[in-house]
Number of protein chains: 2
Amino acid sequence: MTQTKKQEQEDLLLLDKQLCFPLYAASRLVTRLYQPLLEPLGLTYPQYIVLMILWEDAPCSVSHICDRALLNTNTLTPLLKRLENDGFVVRTRSKIDERAVEITLTEKGKNTKTQCKHVPQEMSKSLCMPDSKLATLKQSLEDLIADLQEQ
Amino acid sequence: MTQTKKQEQEDLLLLDKQLCFPLYAASRLVTRLYQPLLEPLGLTYPQYIVLMILWEDAPCSVSHICDRALLNTNTLTPLLKRLENDGFVVRTRSKIDERAVEITLTEKGKNTKTQCKHVPQEMSKSLCMPDSKLATLKQSLEDLIADLQEQ
DNA sequence: TGCGATTATATCGCGTGCGATATATAATTA
DNA sequence: TAATTATATATCGCACGCGATATAATCGCA
């Protein structure tokens, strides 16, 4: 291999050339931004994601939440147990299919939606980017996810 | 509040309206894609990120890695200890400033770069998106990070 | 019907992430 | 120079994520 070609190939390992790193860093930074909004409600960021799913779809099964959150039961079972412990949800074995666990929102779980109403607004205030650019970014990420899910 | 207005505000809490969720999900899915490439080298994804920084900047201090990786010492100290245990790096107290710890690459740590040469190519094969779109996505994420870092 | 394959959830172990706090060293300043 | 402040790293505790594996219930097909 020529010196030039070797150099080019090594340069692909520069941090600034990676897509993965800004993805990883942006995700963590955005999560940090949510933390002070969610902490007063006694929620973590992944718990907030799961509650959003439940506000749309509850009562529903654990596997339904897995599908929407793109998380596995090894993450979701403990998370849902904590949500149950904290009084947001109830976990019940399905009568129709004894393998399945149905997740139901408690009154507290339902009411938390009202207390979260301000969260999206606060976030879009913090993400000081034009809405059109945010929309494009969101769409690109969704395209990426669709690609990755097929694999 | 009118019924319509209330409805609009609640709709902001739909999972599909969030930017944060595709960011969170895409980051995790991409990390999963790296795993089979890194596992044979005995590396996790965050360890790979730190090694990329070291291939550019080593020897350097822990705080320098913190700055580039956007991670804190509570994450990096244990990670670097594991990298040291696995023979990729050496940690030494700086003689100039006894507070600082200098991270040096071992021969194994340096050689691992050669073994990672194929990783970026493999990844871009897997991310089946036009390069121009990937470049735009990367730039948007970097803009987002720049915004978030100011806060 | 019965038995192997599939599905739904749970558990385990390990490596992050990160808020909070601790400790030691260096820099500053009164 | 002594006291204060700032900086660099480490530690602790807890909640993820996830590969691997386990368990129980259901399905499918011979």
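Every chain is numbered from 1, with letters handed out A, B, ... down the list of sequences. Just so we're clear, the structure is a prediction, and the values are computed from it rather than from any experiment.
- Residues A:P46 and A:V50 have side chains not in contact (no heavy-atom distance under 4.5 Å, counting atoms from C-beta outward).
- The stretch residues 75-86 of chain B participates, sequence neighbours left out, in these salt bridge (Lys or Arg N to Asp or Glu O under 4.0 Å) pairs: B:E84-B:R91.
- Every residue was checked against the salt bridge (charged side-chain N to carboxylate O under 4.0 Å, His left out) condition with A:K108, not counting sequence neighbours, and none meets it.
- Residues satisfying the side-chain hydrogen bond (donor to acceptor under 3.5 Å, both in side chains) test with B:E122, not counting sequence neighbours, are B:K125.
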Can you give the donor-acceptor pairs under 3.5 Å from side chains of residues 69-77 of chain B to other protein atoms, not counting sequence neighbours?
from, atom 1, to, atom 2, distance (Å)
B:T77, OG1, B:T73, O, 3.2

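- Computed from coordinates, the A:I65 CD1 to D:dC16 C1' distance equals 16 Å when rounded to whole Å.
- Pairs engaging residues 35-51 of chain B under the salt bridge (Lys or Arg N to Asp or Glu O under 4.0 Å) rule: none recorded [sequence neighbours left out].
- Within the 4.0 Å cut-off from OP1 or OP2 of D:dC16, not a single side-chain nitrogen or oxygen of B:Y24 is found.
- Scanning residues 72-103 of chain A for heavy-atom distances under 4.0 Å to DNA chain D yields A:N74, A:T75, A:L79, A:R82, A:I96, A:D97, A:E98, A:R99.
- A donor-acceptor pair is defined here as one N or O able to donate and one able to accept, closer than 3.5 Å; such a pair exists between the side chain of B:R93 and the backbone of B:E98.
- Note that the first and last nucleotides of DNA chain C, 5' to 3', having any atom under 4.0 angstrom from a heavy atom of chain B are C:dG15 to C:dA26.
- Residues that satisfy the side-chain hydrogen bond (donor to acceptor under 3.5 Å, both in side chains) test with B:K133, not counting sequence neighbours, are A:D143.
- Annotation: side-chain hydrogen bond (donor to acceptor under 3.5 Å, both in side chains) contacts of A:R68 (sequence neighbours excluded): A:E56, A:D57.
- Between B:T31 and D:dG17 there is no side-chain N or O to OP1 or OP2 distance below 4.0 Å.
- Looking at residues 42-62 of chain A, you'll see A:T44, A:P46, A:Q47 sit with a heavy atom under 4.0 Å from some atom of DNA chain D.
- Distances shorter than 4.0 Å separate none of the side-chain N or O atoms of B:R32 from OP1 or OP2 on D:dG17.
- Sorted by first and then second residue, the ring pair (Phe, Tyr, Trp, His ring centres under 6.0 Å) pairs with a member in residues 26-58 of chain A read A:Y34-A:Y45, A:Y34-A:Y48, A:Y45-B:Y24; sequence neighbours excluded.
- The nearest whole Å value for the distance from the CG atom in B:L38 to the P atom in D:dG19 is 13 Å.
- Residues forming a side-chain hydrogen bond (donor to acceptor under 3.5 Å, both in side chains) with A:R99 (at least two apart in sequence, or on another chain): A:D97.
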